[in-house]
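Each chain gets a letter, A, B and so on, in the order its sequence line appears, and its residues count up from 1.
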Number of protein chains: 2
Amino acid sequence: MASLQCSPVYKTFIRQLSTQHRTFRNITAVHTPVLHKSFSSSSRIMTAEKILNGRNMNSQVRKAEYAVRGELAIRSETLKTELAKGAKLPFKRVVGCNIGNPQALDQKPITFFRQVASLVEYPELLKDENAEAAAKFYPSDAIARAKLLLKNIGSVGAYSHSQGIPHIRESVAKFISERDGYPADPSKIFLTQGASAGVQLTLEMIISHNKVGVMIPIPQYPLYTATLAVLDANPVPYYLDESKQWGLTSKELQRAYDESEKMGIETRALVIINPGNPTGQCLAEDNMKEIIEFCSKNKVILLADEVYQTNIYRPEDRPFHSFKKVLKSMGPKYEGFEMISYHSISKGMIGECGRRGGYFECEGLDDEVMEQIYKISSISLCPNVQGQIMVDLMVSPPKKGDPSYPLYKKEYDAIYNSLIERAAILEKTFNSLEGCTCNSADGAMYLFPQIRLPKKAIEAAKAVGKEPDHFYCMAMLESTGVCMVAGSGFGQVEGTAHFRSTFLPQPELFDDFCSGIKNFHADFMNKYRE
Amino acid sequence: MASLQCSPVYKTFIRQLSTQHRTFRNITAVHTPVLHKSFSSSSRIMTAEKILNGRNMNSQVRKAEYAVRGELAIRSETLKTELAKGAKLPFKRVVGCNIGNPQALDQKPITFFRQVASLVEYPELLKDENAEAAAKFYPSDAIARAKLLLKNIGSVGAYSHSQGIPHIRESVAKFISERDGYPADPSKIFLTQGASAGVQLTLEMIISHNKVGVMIPIPQYPLYTATLAVLDANPVPYYLDESKQWGLTSKELQRAYDESEKMGIETRALVIINPGNPTGQCLAEDNMKEIIEFCSKNKVILLADEVYQTNIYRPEDRPFHSFKKVLKSMGPKYEGFEMISYHSISKGMIGECGRRGGYFECEGLDDEVMEQIYKISSISLCPNVQGQIMVDLMVSPPKKGDPSYPLYKKEYDAIYNSLIERAAILEKTFNSLEGCTCNSADGAMYLFPQIRLPKKAIEAAKAVGKEPDHFYCMAMLESTGVCMVAGSGFGQVEGTAHFRSTFLPQPELFDDFCSGIKNFHADFMNKYRE
């Protein structure tokens, strides 16, 4: 790991990305069965004459890569379809550990949230004459909340305010101020269709030419590199130190900034993912102060991806601090500091990914930029209203004394405790594997172990034109049905190999899941042992 | 109208857009109350030093304009807030005719659709032991549909396939093939968060450099100019002929194409909005064949915005034909023709705008382009699942013999008949106004009358730096509470003035609504009479 600080990160990184790019082009054959049949097979002969084709289409779009739903995920979908059709495979189920999608792995939704969502869809249930019958299914606080929301919304079928329903933005502001102990302003909050949409929208504001740089951690969540590719901007990679529990130093930030400056890059923003994805680290308060100082000194906007803020597994040692709170605690010297923080309903103990809901809060942004964010939001009309409602429920869940509180607390704690437990079991499993080391997760939903693969495996990967970690993950998928994402999709120090796995498989299947990985790994290592 | 064909459309159009651009910058004072308070007022003194500001942000974003939610809409929100606080204004309610948002004007949703949406949110209701109690609220076919959907989806809280749930894409394909009499392929259908998201995504694929042109009608729906501005592409305007019921000729298409070619523009796509927005015209089959021939001859991809396909008010004279059907009827000569068509749950008799759902179907696109559309969709993970479910319900509503059919039919017909009625009343109102002429609506949700304003009104508008039609609409809003959109937001022949109004206000308020407009118009004309 020592060589990390002086590695030619930029070139390595770009090379890694372009390898992924080539990889993506090979997926057609694998990809299409999911979509029922081959794209345009009837007109394949005409491909060369098409008005729009791979050569003249938007080349920035082509450059973008998103490994979380890339070749491995597409292959796993195909295997799932084959299993459903009765194919004989070496496993009975496909386990999607490639994406933090808890409800796809049978995590039950929070009952209260769904009761409210169900009621707002069908207001007939809220009529006085139906009160008695509705009470069989819906507790009084769910009914009251649904009524309050509809009073403020009108109908879930109407376009809302483009920035998000004012009542819900007020709920979010209240949540933030209670969380941080500092005021929050509903006019600076934008509701979004998931945090991803917020990140895409705000990066679009920031990128004004092709020399703009945005600092991203390596490893990173590939939404960032994909979005920067589409916008024709430059990722400025800074490296997290695996040997120090994926630690982050301002020295490394400065190195990355300075190197990119020498290359003529105008670095405008810094992305911090806290808790980390894929790394799971949770930043200490002092470290966060350093980061804020770095941004302030170098005139860089802080983009704080805080979607895992409630997925905190060592709350005594490593509690979550929001960047907003840390910033405000640093006093008037940092007044006017420019920052955006993102949150989502897809993570935490909620896991309502499919609804696409989230928000971002702007701090210290220029007035005109704020107007432009509003305008650009208005072109897409509004975030979907059910997603907005789930944001309201996330930031304002049942409270002690409410009829739904005991069930809410029980469901929430059960998911939380089980995540801690499963994270520990999986970490132990990974650390027991030959040549594998794995940091523990302070937070988030992932582990990102390093694997040291035998030379013969690396050669076998090269022979089929794949990254070694991708080759390993594909072998695991074909053998066990477990779908993970190769480390090369997130970026990693050159010459190392990693993979990302969620710890979301069902508790009752977790032992089988872990022993399946152990057996596969032993077989794989034996097969390629020198 | 005669001068239309040879007017220097390009320059005029760009000038009009840049006027709108200047206009947008003036909205701050009006805009902010909606958002509770002024943006960043505490840090206003620091604006000049901001890292990101109006001068260095993405200039393409700044250029984009979207009048439907522009200054007039923002002012109407402010007035609504003031009314709610008890302010004394010359009207009792604000009527939002600026946007096709039926449920915001109390149009009731289709009951069956909401029943299914409510059930999938809270599957507890579907359990056998609750069957009897659930039957009080939910008919058996709603329960069966919800069960079928959940069997295919799992949970509405899980990310789905990035292209959309396969089962729902199959429903859409079945709908298209039954509508057109030609097969449709689920692998070529992408579910989206409303048609707007589909338009944005596909234009992003097409625009690869800043000389690419996309033909758009004038008047147009401003999503197109806004998206082209963000993508740094060139709108290539072709004019609809107001004197011929907003007719469209291939001669005018060719003129627009040729003029842009002379200016070095590479025109790659043609947008047709049918039925028209804001114009309401519905294309005849022969006219559509001409358009397809034009595209084929000039190597232009057809982008068919068909979101108003069920809003057809003269079904005998002017039935809706899909471009897909017309294309297929033209035989093997046009095999491989490249086309994308868009549909939405926000319009028709459904009006479920707030859920953000829709789809597009690709025809004849290059295989690699299809893969890239899939990849770019996967970066945003998936369209929201409730929106996808509403697409399923739209394309597969209750059928004759189903328990819910009689109510569905009754609700659907009531909305449809009332839209026809209100369109006719409003058209008559507009045509009764001094200096105003209005084509009737074959389809869609809008009328787009032309007003000939007195010179003194035009001068008064100029004095405050506004377009005359904007000035007129603002006066109407301040006087009546009715919010329309000025024609300059859609584009119009230079020197003419129009506005767009939906005919969605509630039937029971419609007479008041029309007489309010009449009184206002008479007063306005008297005030500015020469």
Report yes if the distance between the aromatic ring centroids of B:Tyr122 and A:Tyr138 is under 6.0 Å, otherwise no.
yes
Non-hydrogen atoms of chain A under 4.5 Å away: do they reach the side chain of B:Asp106, the backbone, both or neither?
neither
Check whether any side-chain heavy atom of A:Met57 sits under 4.5 Å from a side-chain heavy atom of B:Asp366, and report yes or no.
no
Toward chain A, the part of B:Pro102 with a non-hydrogen atom under 4.5 Å:
neither
Stepwise side-chain contact (heavy atoms from CB on, under 4.5 Å) check, A:Asn58 with B:Gln372:
CA-CA 10 Å; A:Asn58 184 338; B:Gln372 294 291 327; over 6 Å; no
Can you say whether A:Ile207 sits under 4.5 Å from chain B via the side chain, the backbone, both, or neither, judging by heavy atoms?
backbone
Using side-chain contact (heavy atoms from CB on, under 4.5 Å), reason through A:Leu365 and B:Lys50 one step at a time and then give a plain yes or no.
CA-CA 7 Å; A:Leu365 292 197; B:Lys50 288 290 176 192; over 6 Å; no
A:Ile153 versus chain B, heavy atoms under 4.5 Å apart: side chain, backbone, both or neither?
neither
Measure distances from B:Gln388 to the heavy atoms of chain A and classify the residue's part below 4.5 Å as side chain, backbone, both or neither.
neither
Check each atom of B:Ser162 against the heavy atoms of chain A and say whether the ones under 4.5 Å are side chain, backbone, both or neither.
both
Note, B:Arg356 side chain near A:Leu381 side chain (heavy atom, < 4.5 Å):
yes
Sort B:Ala104 into side chain, backbone, both or neither according to what part of it lies under 4.5 angstrom from a heavy atom of chain A.
both
Can you tell me which portion of A:Ala133 sits under 4.5 Å from chain B's heavy atoms? Options are side chain, backbone, both or neither.
both
Which of the residues B:Pro222, B:Ala269, B:Gly357, B:Ser378 is involved in the greatest number of heavy-atom pairs with chain A at under 4.5 angstrom?
B:Ser378
Does some side-chain heavy atom of B:Glu124 sit less than 4.5 Å from a side-chain heavy atom of A:Arg114?
no
Sort B:Glu338 into side chain, backbone, both or neither according to what part of it lies under 4.5 angstrom from a heavy atom of chain A.
side chain
Identify which part of B:Val230 has an atom lying under 4.5 Å from any heavy atom of chain A, answering side chain, backbone, both or neither.
side chain
Minimum side-chain heavy-atom gap B:Glu65-A:Lys375 below 4.5 Å
yes
So, for A:Gly54 and B:Val369, which heavy atoms are closest and what is the spacing to 0.1 Å?
N-CG2, 4.2 Å
Would you mind reporting whether A:Glu368 and B:Arg62 have side-chain heavy atoms less than 4.5 Å apart?
yes
Is it the side chain or the backbone of B:Ala73 that comes within 4.5 Å of chain A heavy atoms, both, or neither?
neither
Per-residue contact mode, B:Ile99 against chain A (heavy atom under 4.5 angstrom)
side chain
Greatest number of non-hydrogen atom pairs under 4.5 angstrom with chain A, of B:Leu125, B:Val68, B:Leu223, falls to B:Leu125
Under 4.5 Å between any side-chain heavy atoms of B:His209 and A:Ser59, yes or no?
no
Engaged part of B:Val300 at the chain A interface, taking heavy atoms whose separation is under 4.5 Å:
backbone
Checking B:Ile206 against chain A: side chain, backbone, both or neither under 4.5 Å from a heavy atom?
both
Checking heavy atoms, do the side chain of A:Val212, its backbone, both or neither come under 4.5 Å from chain B?
neither
Does a salt bridge link A:Lys136 with B:Glu132, judged by any charged N lying under 4.0 Å from a carboxylate O?
no
Which atoms of A:Gln200 are under 4.5 Å from chain B, going by heavy atoms: the side chain, the backbone, both sets, or neither?
side chain
